[in-house]
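To keep things clear, I will list the structure first and then write my remarks on it.
Labels below follow one simple rule: chain letters A, B, ... track the order of the sequence lines, proteins then strands, and each chain is numbered from 1. The figures here come from the full heavy-atom set of this structure, side chains too, leaving out hydrogens, waters and symmetry mates.
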Protein chains: 2
Amino acid sequence: MPKAIKKEEVATLEIPLDSKDLEILKLLQENARITIKEISGKIHLSTTPVHERIKRMEESGVIKQYATLVNHEKVKKGLMVICYVSLKQHSKNAGVKFIKTIHELNEVVECFSISGEFDFMLKVICKDMNEYYDFHVNKLSQIENMGHLQSIFVMGVIKQTHQLVY
Amino acid sequence: MPKAIKKEEVATLEIPLDSKDLEILKLLQENARITIKEISGKIHLSTTPVHERIKRMEESGVIKQYATLVNHEKVKKGLMVICYVSLKQHSKNAGVKFIKTIHELNEVVECFSISGEFDFMLKVICKDMNEYYDFHVNKLSQIENMGHLQSIFVMGVIKQTHQLVY
DNA sequence: AATGAAACTAGTAGCCT
DNA sequence: AGGCTACTAGTTTCATT
């Protein structure tokens, strides 16, 4: 007798993405505001299946977010800094506290836990060097349990994309 | 007599963003597919000015892109690596050639020119360690003029946002 | 699981204040 | 420059194959 599938398992059962799903994702990645009509024209399907596939990908979490990306300079956020952080203590509690603080800092747009001599890599975005200095001295350095800190300044953006499906 | 403004200057003249524009941007950053109706309800304005303000921000380049962000794991792109690169030669031509190659590599989603001992920082996204090994050995290392290479592996994503306006 | 049409909802433009 | 209204276009559902 086959093993029974629990209700929770059914809900999270992964439906693999077929080539049409990937085509839809490709178009959506580039332009989140593309119309279903336009997609259906391009991938040779009527609006109904396109709509259903998008809804399915939204519900299953394949589509994480429809985001609007703004021009850094035009909103006065022209400075980007990569910041490496090591903590003094590595207890679970110390880590949790650090992560909580990072989430509260709007200047930190990315934070990864990494391999190597440092514990975390941060991407910090702010207006200019004065603002970064203030952030570094008064916010980052003040975090409890903060160990070493190293800043790498981004001088130019060569490439920046969100195209994971290609 | 006041100095005449050239046509080109008029076209690129920056209209500063007021608080309503910023409120619209805040909502759009979170959800690029929010309706104009919903925005107008939230910021206490009718659809006409909301529509006009969005159009103006699109045309002036404040709004760069409406992007759809996908779940890395669910599209089989679960490994993220930060890669530091230095070139052997630093002539203008060598740099241009490197940049051209980087744009052709789908695995590279970000590339910044940076301060410090390395020349560039890359964010590389691929399926798993096998795929990264292949990318490193057969694509990255093969780039003409490639000097030193250092990989930092992302073990966990703590924070990732695109919220520049808050 | 896709099509085509119908019903509904949102986007867009003109006119008025 | 914002609001109201009418028109156009897109979304979403349903019957059908």
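In this entry the distance linking CD of A:E38 with P of D:dT11 reads 10 Å, nearest Å. The distance from atom CD of A:E58 to atom P of D:dT12 is 9 Å, rounded to the nearest whole Å. Going from atom CD of B:E52 over to atom C1' of C:dG14 covers 11 Å, rounded to whole Å.
Look at B:R53 and you'll find a side-chain N or O under 4.0 angstrom from OP1 or OP2 of D:dG2. At least one side-chain nitrogen or oxygen of B:H51 sits closer than 4.0 Å to the OP1 or OP2 atom of C:dT12.
The side chain of A:T47 lies closest to D:dT12, out of C:dT3, C:dA13, D:dT12. For B:K55, the listed nucleotide lying nearest its side chain is C:dA13; candidates were C:dG11, C:dA13, D:dG3. When distances run from any side-chain atom of B:S46 to the nucleotides D:dG2, D:dT11, C:dA13, the shortest one goes to D:dG2.
When the C1' atoms of four end pairs are superposed on the next four at each end of the helix from C:dA1-D:dT17 to C:dT17-D:dA1, using five pairs per end, the two resulting axes differ in direction by 20°, to 10°.
Counting non-hydrogen atoms of other residues, nucleotides and ligands closer than 6.0 Å to NE2 of B:H148 gives a total of 12 or fewer.
Each of A:R33 and A:L45 was assigned the nucleotide of DNA chain C with the nearest heavy atom; the assignment lying further toward the 5' end belongs to A:L45. Ranked by how close their nearest DNA chain C nucleotide is to the 5' end, A:T48 and A:R56 are led by A:R56.
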